[in-house]
Amino acid sequence: MVKTQFNWKIVILGDGSVGKTSLVTWYTKRTFDNFYQPTLGAQFSVKELDLTSDTRVKLFLWDIAGQVKFSAIRKMFYERAHAALFVYDVTQPTTFESIDTWKDDLVDSLGEDFPAALIANKIDLDSRRAISTEEGFEKATSLEMPYYETSAKTGEGVDDAFLNLCLLLHDKQIQSD
Ligand code: G3D
Ligand code: MG
């Protein structure tokens, strides 16, 4: 049987040090290449997976890097993206507060109705946790996104977050066909 193939660009957003690169690395490193593009201010990785028995997906994961202050560069980063992951660090409240700004910035470029998920990362650092599951879940609900908790260190929740985002995208894609 011929499989349906989708190529999806997913942008990973959030403040510096929340674990964007670590999440992408954990998710992809068993199978792929990472290469660094410092001039773009982004790291770019690829992962292929069989999403359903008849659907193969190639993910292009764009992980925003450094202080990407120039909106022209961010716009280029967002261009033709299919979905977004918003990441914060559960031990750093400022990174949680920044999520709204990241969301607004993406909406400016790509509009409201955009498949996305909220990721609470570094849940392994339990004793230093400053943002609870309830607060994270509430934020996700207010932004109309699903909520996932991850640790890029232990790998907990990482596959699940990416897989569920893909399934969300897949449903949208099927609906729009
Ligand atoms: P960024 O790409 O969002 O800027 P990085 O973030 O992936 O570079 O991660 C920033 C720092 O946080 C790194 O530590 C990384 O190892 C750590 N980190 C990322 N995810 C997790 C996690 O889930 N748990 C823990 N405990 N640490 C994590 P360094 O020390 O290299 O700065
Ligand atoms: Mg990074």
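Order of appearance sets the numbers: ligands from 1, and atoms from 1 within every ligand. All values below were derived from every heavy atom in this structure, side-chain atoms included, with hydrogens, water molecules and symmetry-related copies excluded.
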Participant: Check whether any N, O or S atom of S17 sits under 2.8 Å from the Mg ion (ligand 2).
Facilitator: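 For S17, the answer is no, given that no N, O or S atom comes within less than 2.8 Å of the Mg ion (ligand 2).
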Participant: Could you state the interatomic distance from NE2 (H82) to NE2 (H170), rounded to the nearest 0.5 Å?
Facilitator: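 Those atoms lie 13.0 Å apart.
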Participant: So which of D50, T55, D54 actually passes side chain to side chain donor-acceptor pair (under 3.5 Å) with K3?
Facilitator: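 Answer to the side chain to side chain donor-acceptor pair (under 3.5 Å) test with K3 among D50, T55, D54: D50.
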Participant: With a 6.0 Å cut-off (strictly less than), is the heavy-atom count around CG of D113, excluding the residue itself, greater than 12?
Facilitator: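 Open: at most 12 neighbouring heavy atoms sit under 6.0 Å from CG of D113.
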Participant: So which protein residues pack against ligand 1 under 4.0 Å, heavy atoms counted?
Facilitator: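 Residues near ligand 1: D15, G16, S17, V18, G19, K20, T21, S22, N121, K122, D124, L125, S151, A152, K153.
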Participant: Is E79 salt-bridged to R74, going by a charged N under 4.0 Å from an acidic O?
Facilitator: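 Between R74 and E79 there is no salt bridge, as every charged N stays at least 4.0 Å from the carboxylate O atoms.
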Participant: Taking only residues two or more places apart in sequence, or in another chain, which ones meet R128 in a side chain to side chain contact (heavy atoms under 4.5 Å, CB included)?
Facilitator: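 Once residues adjacent in sequence are excluded, the partners of R128 under the side chain to side chain contact (heavy atoms under 4.5 Å, CB included) criterion are T91, L125.
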Participant: So which heavy atom on D124 is nearest to which on S151, and how close?
Facilitator: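 Minimum heavy-atom contact is OD1-OG, 2.7 Å.
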